[in-house]
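Here's the structure, in structure tokens; my notes come after.
Keep in mind it's a predicted model, so treat the numbers as computed, not measured.
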Amino acid sequence: MELKELRKSCESRKIPIISPATEVFLDKILKKYKPKICLEIWGAVGYSSIYIWWVIKTWRGKITSFEVSYPAYQEGIQNTKAANCYNIISYPYDALKAPIKKLVAGPIDFIFIDGQKNQYGKYLKIVEKLSSPQTVIIIDDVIKYHNKLSSLYRYLQKKQIKFKILQLD
């Protein structure tokens with residue numbers, strides 16, 4: 001399956017996926033840092049996992065993805081198989097409750113978070129233990145859903161983490 005087809009399918013069914021501008025941004029970041037171990041929180045139907053894999057497959061990168069919705073997880077498995085992707089491992093777990101340390105070999109080089117917006121701070125707390133100072137973390141939709149991100153900003157302030165917000169689309 002081609003990503004164009006999957007995008008059309010998702011758009012017609014109103015399934016949220018990463019924007020084309022986010023794809024361009026991810027491509028640039030992934031090619032710059034060349035991560036080998038990637039983590040995705042809330043992979044939905046697999047679109048972003050497939051996109052990331054197409055970029056990192058050159059250097060044999062691996063992706064572990066978590067999706068809380070079992071039907072979306074199942075569709076993601078089907079979509080990654082149809083796209084002939086390998087090195088993508090998906091789990092049908094809420095990342096807040098999953099034994100991530102046992103399921104993901106760390107340290108993780110790249111983390112993409114696009115889950116439940118009001119839980120972003122909690123996601124960061126979990127992945128903090130699996131990351132290193134060189135880990136690149138991308139958090140999607142922080143401008144669009146700024147009113148739901150109080151836990152994220154509290155976490156960043158508490159940990160005194162420097163961050164940059166970029167408007168892509």
Side-chain angles (χ1 to χ4, degrees), residues 10 15-18 22-23 25-27 29-30 32-57 59-81 83 85-142 144-145 148-165:
C10 289
I15 295 173
I17 57 172
I18 59 174
T22 299
E23 288 181 18
F25 179 73
L26 287 173
D27 183 73
I29 294 297
L30 292 166
K32 178 178 180 178
Y33 293 100
K34 294 190 177 6
K36 296 256 186 183
I37 308 289
C38 302
L39 173 65
E40 179 181 34
I41 295 180
W42 283 42
V45 296
Y47 186 92
S48 51
S49 295
I50 295 167
Y51 182 82
I52 292 168
W53 181 80
W54 277 105
V55 178
I56 69 170
K57 71 178 182 174
W59 54 87
R60 294 184 181 95
K62 298 178 181 181
I63 303 169
T64 301
S65 179
F66 291 88
E67 171 53 48
V68 70
S69 163
Y70 194 74
Y73 157 78
Q74 288 180 312
E75 184 176 342
I77 294 291
Q78 292 171 351
N79 290 333
T80 55
K81 284 182 183 178
C85 296
Y86 55 89
N87 280 346
I88 297 177
I89 300 170
S90 298
Y91 292 104
Y93 297 127
D94 180 344
L96 295 175
K97 299 174 184 173
I100 293 179
K101 273 188 166 183
K102 292 179 181 179
L103 300 173
V104 182
I108 299 167
D109 303 315
F110 177 83
I111 300 168
F112 183 64
I113 300 174
D114 191 12
Q116 190 174 358
K117 310 314 179 208
N118 64 358
Q119 301 296 316
Y120 276 4
K122 292 179 181 180
Y123 297 141
L124 278 181
K125 187 175 181 179
I126 289 169
V127 300
E128 174 184 39
K129 298 168 188 155
L130 301 168
S131 60
S132 74
Q134 291 75 38
T135 302
V136 175
I137 302 173
I138 306 292
I139 303 174
D140 202 23
D141 295 328
V142 296
K144 184 176 181 180
Y145 296 103
K148 296 182 177 186
L149 301 177
S150 58
S151 74
L152 170 64
Y153 293 117
R154 277 194 308 272
Y155 179 83
L156 294 171
Q157 185 176 26
K158 179 182 176 185
K159 294 291 187 170
Q160 298 180 354
I161 296 173
K162 293 180 185 178
F163 62 94
K164 186 187 293 188
I165 296 175

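- Residues Asn79 and Ile50 come closest through the heavy atom pair O-CD1, 3.6 Å.
- In this structure, Val55 and Leu26 have side chains that are not in contact, with every pair of non-hydrogen atoms separated by 4.5 Å or more.
- Note that OG of Ser151 is 9.5 Å distant from CD of Gln116, once rounded to the nearest 0.5 Å.
- At least one side-chain heavy atom of Ile139 sits under 4.5 Å from a side-chain heavy atom of Leu124.
- Looking only at distances, a side-chain donor or acceptor of Thr135 sits under 3.5 Å from a matching main-chain atom of Ile108.
- The side-chain contact (heavy atoms from CB on, under 4.5 Å) test applied to Lys57 returns Trp53, Trp54, not counting sequence neighbours.
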inquiry  = Using side-chain contact (heavy atoms from CB on, under 4.5 Å), reason through Ile41 and Val127 one step at a time and then give a plain yes or no.
reply    = CA-CA 10 Å; Ile41 295 180; Val127 300; 3.9 Å; yes

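- The structure places CG of Leu39 at 11.5 Å from CD1 of Ile89, a figure rounded to the nearest 0.5 Å.
- Screening residues 98-117 for salt bridge (Lys or Arg N to Asp or Glu O under 4.0 Å) gives Asp114-Lys117, Lys117-Asp141 as the qualifying pairs, with residues at least two apart or on separate chains.
- In this structure the side chain of Trp42 reaches within 4.5 angstrom of the side chain of Tyr123, judged on heavy atoms.
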request  = Could you go through the side-chain contact (heavy atoms from CB on, under 4.5 Å) check for Phe110 and Ile52 one step at a time?
outcome  = CA-CA 10 Å; Phe110 177 83; Ile52 292 168; 4.1 Å; yes

message = side-chain contact (heavy atoms from CB on, under 4.5 Å), that's the test. Do Tyr145 and Asn118 meet it? Break it down for me.
response = CA-CA 9 Å; Tyr145 296 103; Asn118 64 358; over 6 Å; no

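- Within the 4.5 Å cutoff, the side chain of Tyr120 has no heavy atoms near those of the Leu156 side chain.
- To the nearest 0.5 Å, atoms OG1 (Thr80) and CD1 (Ile77) are separated by 5.0 Å.
- In this structure, the separation between CD on Glu23 and OH on Tyr51 is 5.0 Å, given to the nearest 0.5 Å.
- Side chains of Tyr93 and Leu103 form a contact here, defined as non-hydrogen atoms less than 4.5 Å apart.
- Tested against Ile113 for a side-chain contact (heavy atoms from CB on, under 4.5 Å), the candidates Ile137, Val142, Asp140 yield a single pass: Ile137.
- Using a 4.5 Å cut-off on side-chain heavy atoms (C-beta onward), Tyr155 and Ile161 make contact.
- Across all their heavy atoms, Tyr70 and Pro92 have their closest contact at CD1-CB, 3.6 Å.
- Tyr33 contributes atom OH, which lies 13.0 Å from atom CH2 of Trp59 (distance to the nearest 0.5 angstrom).
- For the pair Cys38/Phe112, no side-chain contact is recorded, criterion being any heavy-atom separation below 4.5 Å from C-beta on.
- Across Cys10 and Ile17, no two heavy atoms sit closer than the pair SG-CG2, 3.8 Å.
- Interatomic distance, NZ of Lys36 versus NZ of Lys62, reported as 9.5 Å (0.5 Å rounding).
- Side-chain contact between Ile100 and Phe66 is present, with at least one heavy-atom pair separated by less than 4.5 Å.
- Shortest non-hydrogen contact noted between Ile138 and Phe25 is CD1-CE2, 3.6 Å.
- Closest non-hydrogen pair, Glu128 versus Ser131, comes out as O-OG, 3.2 Å.
- The two residues Ser65 and Gly43 have their closest heavy-atom pair at OG-CA, 3.4 Å.
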